[in-house]
Amino acid sequence: MRPTTRWSPRSGRASRGRCGRRTGTSKSQLFHYFPDGKDQLLLAVARFEADRVLADQQPHLGELDSWESWQRWRDVVVERYELQGDHCPLGSLFLQVGRSRPGARAIVTELMRQWQRQLADGIRALRANGLVSPALDVDRTATALLAGIQGGVTIMMSTGDSTHLRAALDNAIAQLRASAATQG
């Protein structure tokens, strides 16, 4: 059952009744699949939205082995967030369920862990292809890149301007390229 995939947190405060009406799902189905109530439902939607963050970047995020692939991935990331605008489905859900709740925090932590791992895998692929310095600290670089993306997205959502997101991505890729020039 995937009724929550058509539900939008923009529609106001969530309830199983409202979700059921918007998705054509009966209350009994929602009670069956989400017996612990609204928070369980919202966390399920949050998991779906978190998975979409990475899925929307594929196949590019999984193929970061050349400068061309990094540029394609960068363009997909910028386009995704520009289309999203100031509306963050995941953020809206966490406002309703509470960011500090263990379930919500676990979803975000796992999303960031997976995203950072895939970025690190891409940097390792560049290193294996001789495109970045073997001395480059891959995990630290992936951490900084993810922080730059998140900062750029936050500023874009506040201002409506993607300049900071674009700059964070462009600068990170330029620094990766420059690391090859500093080797040996």
Side-chain angles (χ1 to χ4, degrees), residues 2 4-11 45-95 99 104 106-183:
R2 294 178 56 160
T4 55
T5 63
R6 293 184 297 175
W7 176 76
S8 168
R10 251 191 180 170
S11 62
V45 175
R47 273 187 216 91
F48 173 80
E49 291 294 342
D51 290 345
R52 276 187 48 194
V53 169
L54 297 179
D56 287 352
Q57 297 176 50
Q58 297 302 342
H60 311 291
L61 182 60
E63 300 173 351
L64 295 173
D65 58 359
S66 68
W67 297 124
E68 295 79 19
S69 63
W70 277 84
Q71 189 62 44
R72 284 190 300 271
W73 167 76
R74 174 250 186 236
D75 293 344
V76 165
V77 170
V78 169
E79 180 181 22
R80 178 198 197 279
Y81 285 106
E82 286 178 342
L83 289 172
Q84 177 180 295
D86 65 355
H87 172 65
C88 177
L90 197 54
S92 299
L93 288 161
F94 288 137
L95 287 176
R99 291 180 193 273
I107 290 168
V108 172
T109 299
E110 181 60 18
L111 167 62
M112 295 301 154
R113 187 193 65 71
Q114 287 180 27
W115 201 349
Q116 183 175 326
R117 180 188 50 77
Q118 290 188 48
L119 291 170
D121 288 349
I123 297 168
R124 284 187 187 89
L126 290 177
R127 186 167 60 189
N129 291 333
L131 298 173
V132 297
S133 169
L136 183 68
D137 185 337
V138 170
D139 293 319
R140 185 170 173 83
T141 302
T143 300
L145 176 52
L146 182 56
I149 294 166
Q150 289 300 296
V153 168
T154 299
I155 293 169
M156 190 193 84
M157 289 177 61
S158 299
T159 66
D161 183 357
S162 64
T163 300
H164 296 85
L165 175 60
R166 290 171 179 274
L169 288 164
D170 293 342
N171 190 54
I173 293 169
Q175 287 183 358
L176 284 170
R177 281 181 178 260
S179 79
T182 61
Q183 63 182 344

>> Check whether S179 reaches the backbone of S133 with its side chain - one donor and one acceptor, N or O, closer than 3.5 Å.
In response: yes
> Which pair of heavy atoms, one from W70 and one from L64, lies closest together, and at what distance?
Replying inline: NE1-O, 3.2 Å
> Does a side-chain heavy-atom distance below 4.5 Å link V53 with R80?
Replying inline: yes
>> Distance check, rounded to the nearest 0.5 Å: L145 atom CG versus Q150 atom CD?
In response: 10.5 Å
> Can you name the residues that form a side-chain contact (heavy atoms from CB on, under 4.5 Å) with D161, not counting sequence neighbours?
Replying inline: T159, T163
> To the nearest 0.5 Å, what is the distance between CG (L165) and OH (Y81)?
Replying inline: 8.5 Å
>> Going by side chain to side chain donor-acceptor pair (under 3.5 Å), name the residues that satisfy it together with E79, two or more places apart in sequence or in a different chain.
In response: none
>> Suppose we screen for salt bridge (Lys or Arg N to Asp or Glu O under 4.0 Å). Which residues come up paired with R113, at least two apart in sequence or across chains?
In response: E110
>> Which residues pass the side-chain contact (heavy atoms from CB on, under 4.5 Å) test with V138, not counting sequence neighbours?
In response: A120, I123, R124, R127
> How about R74 and H60: do any of their side-chain heavy atoms sit closer than 4.5 Å?
Replying inline: no
>> Within this structure, what is the OG-CD1 distance for the pair S162 and I155, rounded to the nearest 0.5 Å?
In response: 11.5 Å
>> Suppose we screen for side chain to side chain donor-acceptor pair (under 3.5 Å). Which residues come up paired with W73, at least two apart in sequence or across chains?
In response: Q57
> Considering residues at least two apart in sequence or located in another chain, which fulfil the salt bridge (Lys or Arg N to Asp or Glu O under 4.0 Å) criterion with R117?
Replying inline: D121
> Any side-chain heavy atom of L136 sitting closer than 4.5 Å to one from L176?
Replying inline: yes
> Can you name the closest pair of heavy atoms from H87 and M157 and give their distance?
Replying inline: C-CE, 4.4 Å
>> Restricting to side-chain contact (heavy atoms from CB on, under 4.5 Å), what partner residues turn up for E63, sequence neighbours left out?
In response: P59
>> Looking at every heavy atom in both I149 and A168, which two are closest together, and how far apart are they?
In response: N-CB, 4.5 Å
> Distance from E49 atom CD to D56 atom CG, nearest 0.5 Å?
Replying inline: 9.0 Å
> Taking all atoms of both residues into account, what is the closest heavy-atom pair of R166 and E82, and its distance?
Replying inline: NH2-OE2, 2.7 Å
> D65: what forms a side chain to side chain donor-acceptor pair (under 3.5 Å) with it, not counting sequence neighbours?
Replying inline: none
>> Can you list everything that forms a side chain to side chain donor-acceptor pair (under 3.5 Å) with R47? Sequence neighbours excluded, please.
In response: none
>> Nearest 0.5 Å, please: how far is CG in L54 from CE in M112?
In response: 8.5 Å
> For T143, which residues count as a side-chain contact (heavy atoms from CB on, under 4.5 Å) partner, sequence neighbours excluded?
Replying inline: Q116
> How many angstroms lie between CH2 in W67 and CD1 in I173, if you round to the nearest 0.5 Å?
Replying inline: 8.0 Å
